[in-house]
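These notes concern the structure reproduced below.
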Amino acid sequence: MKVTILGSGTILSDIKRNPSGYVLEHDNKSALLDCGPGILHQLDKLKMNVCDLDCLFISHFHLDHCSDVFALLMRRYLSDPVSNETFKIFGPTGLNEWYMKIAGTQGAWLNDRQPKMIEFSSQVIYWHELEISVCRNGHTENSISYLLKDGNKKFFYSSDTDFNTDIIAFAAYSDIAVLECSYPDENPKPGHLTPSKLAKIVDLAAIKKTIVTHIYPENDTKDLIQRIKTLSMSDIEIGFDFMQIDLEG
Ligand SMILES: [Zn+2]
Ligand SMILES: [Zn+2]
């Protein structure tokens, strides 16, 4: 499996860091993980055709993670009118209600050709032999973190989260983890990680390699990696847009 970061930033970041989105590629198939503002243009820069995407996984309904979902559906419809009928959108509890509210404002282009919406509860799903499971992380009422297993290799995506013991157990021994690190320790905000909270998760979960994303500008300083490395001896790197992450299955 290969993961490409489309957005390592937040809604306040400058153009170097787009808000959240990731491309997953496995077995010549591709999917999106979150779809924040600007993700369509990030896909353009990779010369990826949105109609080639199989499905989309959403972590939560904050707009920096899902504002481009309907723009994506519209582009798919205009490129190939039947393409949404085979498209699947997975997400947390509340996905159907969220979708129906917005779809109700769109009319026939969408309502006559709907994607399939699938809410995660506790089930494990399979996407081309990748095993995908989720864990509620408490960032919002229903927000979820994702764990993808390719053979015996594990990839964890925290999305937005505060420190909590559930995700430590869930992410334990991941080969690669993409963890948010929104704010500096001097100015922590509830629902998000700081370098010290991130380091604690990495060490307690014994994560083999960590990529840091979802970095707000006030935390996005040249010394961010040093601030993290004084707190953890683990293998940790700062993520960037279009970074490619390979997980050998
Ligand atoms: Zn959020
Ligand atoms: Zn966010």
Side-chain angles (χ1 to χ4, degrees), residues 3-24 31-43 56-72 89-95 97-99 101-102 119-120 134-148 155-164 166-168 170-171 177-185 187-198 201-202 210-221 224 228 238-243 245:
V3 179
T4 305
I5 300 178
L6 297 175
S8 58
T10 68
I11 210 78
L12 289 180
S13 301
D14 66 22
I15 53 168
K16 287 198 294 297
R17 291 194 191 277
N18 199 85
S20 295
Y22 302 81
V23 179
L24 308 175
L32 273 186
L33 179 56
D34 280 341
C35 188
I39 289 303
L40 288 191
H41 288 153
Q42 297 295 83
L43 288 167
L56 161 68
F57 300 94
I58 298 175
S59 65
H60 65 299
F61 306 115
H62 283 158
L63 292 172
D64 57 320
H65 296 257
C66 66
S67 75
D68 267 13
V69 172
F70 285 82
L72 176 82
I89 302 181
F90 296 86
T93 303
L95 178 72
E97 188 187 353
W98 171 81
Y99 174 85
K101 278 184 186 160
I102 303 172
E119 292 188 6
F120 273 102
V134 304
C135 174
R136 281 198 182 187
N137 60 35
H139 169 68
T140 63
E141 192 186 345
N142 296 318
S143 60
I144 49 182
S145 301
Y146 281 85
L147 187 69
L148 283 63
F155 172 85
F156 174 72
Y157 170 55
S158 69
S159 186
D160 294 3
T161 187
D162 206 327
F163 179 85
N164 78 63
D166 288 350
I167 65 162
I168 290 168
F170 184 67
V178 170
L179 292 187
E180 75 124 290
C181 192
S182 292
Y183 294 106
D185 281 298
N187 188 24
K189 304 241 169 91
H192 288 289
L193 299 179
T194 61
S196 65
K197 289 177 176 180
L198 175 140
I201 290 174
V202 170
T210 301
I211 311 292
V212 178
T213 63
H214 200 278
I215 307 162
Y216 273 92
E218 64 190 275
N219 199 29
D220 198 3
T221 58
L224 175 58
I228 293 171
I238 306 297
F240 52 87
D241 290 13
F242 304 112
M243 181 184 202
I245 304 161

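All ligand and atom numbering here is 1-based and tracks the order in the structure. Quick caveat: nothing in here was measured; it's all calculated off a predicted structure.
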**Residue pair Ser143 / Asn137, side-chain donor-acceptor N/O under 3.5 Å** = yes
Output field for angle at the Zn ion (ligand 2), His214.NE2 vs Asp64.OD2, rounded to 10°, should show 90°
Query raised in the report: Near Glu141 CD, under 6.0 Å, is it more than 12 heavy atoms from other residues, nucleotides or ligands?
Result: no
Restricting His62 to its N/O/S atoms, the closest one to the Zn ion (ligand 1) is ND1
(message) Under 2.8 Å from the Zn ion (ligand 1), can any N, O or S atom of Asp160 be found?
(response) yes
Taking both backbone and side-chain atoms into account, decide whether His65 has an N/O/S atom under 2.8 Å from the Zn ion (ligand 1). no
Of Val178, Leu179, Thr210, the one forming a side chain to side chain contact (heavy atoms under 4.5 Å, CB included) with Phe156 is Leu179
From the list Thr140, Leu95, Val69, side chain to side chain contact (heavy atoms under 4.5 Å, CB included) with Phe61 holds only for Leu95
*asked:* Classify the ring geometry of His60 against His139: parallel below 30°, tilted from 30° to 60°, perpendicular beyond 60°.
replied: perpendicular
Note: NE2(His139)-the Zn ion (ligand 1)-NE2(His60) angle, rounded to 10 degrees, equals 100°
